[in-house]
A.B. asks: 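This is the structure I want to talk about, given as structure tokens.
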Amino acid sequence: MASTNSILQGVLVLGPVAEAYRKILTPEALAFLALLQRSFNPTRKALLERRKLRQAELDRGALPDFLPETRHIRENATWKGAPPAPGLVDRRVEITGPTDRKMVVNALNAEVWTYMADFEDSSAPTWDNMVNGQVNLYDAVRRQVDFKQGPKEYKLRTDRMLPTLIVRPRGWHLEEKHVTVDGEPMSGSLFDFGLYFYHNAFEAVKHGFGPYFYLPKMESHLEARLWNDVFNLAQDFIGMPRGTIRGTVLIETILAAFEMDEIIYELRDHSSGLNCGRWDYIFSVIKKFRQNSAFVLPDRSCVTMTVPFMDAYVKLLIQTCHKRGVHAMGGMAAQIPIKDDAAANDKAMEGVRADKLREARAGHDGTWVAHPALAAIATDVFNKHMPTPNQLFVRREDVVIGPNDLLNMNVPGEITEAGIRKNLNIGLGYMEAWVRGVGCVPINYLMEDAATAEVSRSQLWQWVRHGVTTAEGKRVDKTYALKLLKEQVAELSKAAPKGNKFQLAAQYFATQVTGEDYADFLTSLLYDEITSQGNPSPASKL
């Protein structure tokens, strides 16, 4: 095998390397990243080009269908995914959130079964956020993450087993521009996965779990195949048995919904199931069919989990997972407690309870919450309706879902000016926080992340593009959208502290709501605003 120094030729670190980062950005770890990048980045880029070709087909009016070339995989009932790994048998309540130290301690102390530590939609990928997050997870795996902030101490509890840690790296489309390999930016996915795996895989196994991941934003089984190849090489490289890694795939794109069997099949030795990524899924439906007037949706609040296309997606996901012996995880409850209005809080919490009840009765094996206060509600529902560790035995053989069901846009509701303003507020609020380096934002007692901001801007683009008429009788065009944007920016800027970045957010947002330009992802559009590249440091000198 090549020496570390020879592998590190052509590897540059452009972000500042604080003393605390040195235990993460070691020459050996960076050499591992370089191996991953050189081995898999060409395939990653080819798959991203494939996405563009697929989008062009959809723009011409094509509609997705189950793949004829993989029919044999779907119709073969004998193959299964991997059996549940240690710490992943019972996943009834999972908490999610970014990787700042306070969140890590609070999440691991919560009354939940797993914690998804997120480098993706709830984190703004500043260099400090990404590397500090790795430091925090390194310490958390070793149970050395306690710290003091002012007079308050944050300590891991010792009265029970801690939740199983699962890490979500960035999606295949994102780059880490603070590290370059042979003159190209590092893949964000490989950076996040590689550093966590290299430093923590064996230590996690020692603590009774393993190197477990949530895999976001995939659009085809070929992208799952790439992850499986990454997993195999990574395990081989450090001498870990293949199959130790587990990956739960978020089905959060409409195209992936047509390839769920195939995605599990590609990852089968490493699969820990699928998850209903509801907000990204809605975003994907709008994004992929944005040129098709048959896919115009009403106000965001009308697009619930019980509308036809969402209901079909959930049922097919549960049926597919349980047929293959892997977990079917439910979606996010994004509510946060309303402390100053008991009646409003009671109503919001009842909404959470009803949503979790729907998931448990449908056959889900667990669910997500964004706030520790919601864990008790979710636990109560799943304990009552799922006395077993999971519901893998609930086969849902009654379900018959075809392409038309997944594409059924019969969604009752209207498009209103209030809905437009709400989308503007969410989009602006999230983008303003993101360019300040904050990746999840409480807005109107909901924890908004990149997915909900994407729904907001995509709906606005779609409504202007197709010239819809609001319930009040107003035609939505570019002039109207920009007028309302200007009004909302003025309102939000006035209420915000000095030094806010609403004007900067508005400059970007204005390009996305006129039915003309459409960035692939808001995070890609904004990324250069939060990069902090300095003098390059050769990786071999760190």
A.B. asks: Who are the ring pair (Phe, Tyr, Trp, His ring centres under 6.0 Å) partners of Y212, not counting sequence neighbours?
C.D. replies: none

A.B. asks: For a quick check under 3.5 Å, do W368 and E94 share a side-chain donor-acceptor pair by atom type?
C.D. replies: yes

A.B. asks: If the condition is salt bridge (Lys or Arg N to Asp or Glu O under 4.0 Å), which residues does D299 pass it with, not counting sequence neighbours?
C.D. replies: none

A.B. asks: Please work out whether the ring planes of F309 and Y281 are parallel, tilted or perpendicular, with thresholds of 30° and 60°.
C.D. replies: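 The arrangement is parallel - the two ring planes meet at less than 30°.
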
A.B. asks: If you measure from the Lys or Arg side-chain nitrogens to the Asp or Glu carboxylate oxygens, is any gap between D159 and R157 under 4.0 Å?
C.D. replies: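 Here D159 pairs with R157 in a salt bridge, since their nearest N and O are under 4.0 Å apart.
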
A.B. asks: Is R51 salt-bridged to D520, going by a charged N under 4.0 Å from an acidic O?
C.D. replies: no

A.B. asks: For a quick check under 3.5 Å, do S458 and K287 share a side-chain donor-acceptor pair by atom type?
C.D. replies: no

A.B. asks: For H327, enumerate each residue passing the ring pair (Phe, Tyr, Trp, His ring centres under 6.0 Å) test, keeping only those at least two apart in sequence or located in another chain.
C.D. replies: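 None.
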
A.B. asks: Has R71 got more than 12 heavy atoms of other residues, nucleotides or ligands less than 6.0 Å from its CZ?
C.D. replies: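 Not buried by this count: 12 neighbours or fewer within 6.0 Å.
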
A.B. asks: Anything under 30° is parallel, anything over 60° is perpendicular, the rest tilted; go ahead and classify F213 against Y196.
C.D. replies: perpendicular

A.B. asks: Taking salt bridge (Lys or Arg N to Asp or Glu O under 4.0 Å) as the test, write out the residues that go with D355, two or more places apart.
C.D. replies: R278, R358

A.B. asks: So M310 and C276, side-chain contact (heavy atoms from CB on, under 4.5 Å) or not? Walk me through it.
C.D. replies: CA-CA 10 Å; M310 296 298 286; C276 286; over 6 Å; no

A.B. asks: Using only atom types and a distance under 3.5 Å, with no angle test, would you say the side chain of S189 pairs donor to acceptor with the backbone of R170?
C.D. replies: yes

A.B. asks: Suppose the criterion is salt bridge (charged side-chain N to carboxylate O under 4.0 Å, His left out): which pairs have a residue in residues 325-342, not counting sequence neighbours?
C.D. replies: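 Matches after skipping sequence neighbours: none remain.
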
A.B. asks: Determine whether the side chains of E417 and Y480 contain a donor N or O and an acceptor N or O closer than 3.5 Å.
C.D. replies: yes

A.B. asks: Only pairs at least two apart or in different chains count here, so list each salt bridge (charged side-chain N to carboxylate O under 4.0 Å, His left out) that has a residue in residues 364-386.
C.D. replies: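 Of all non-adjacent pairs touching residues 364-386, those that pass salt bridge (charged side-chain N to carboxylate O under 4.0 Å, His left out) are R353-D380.
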
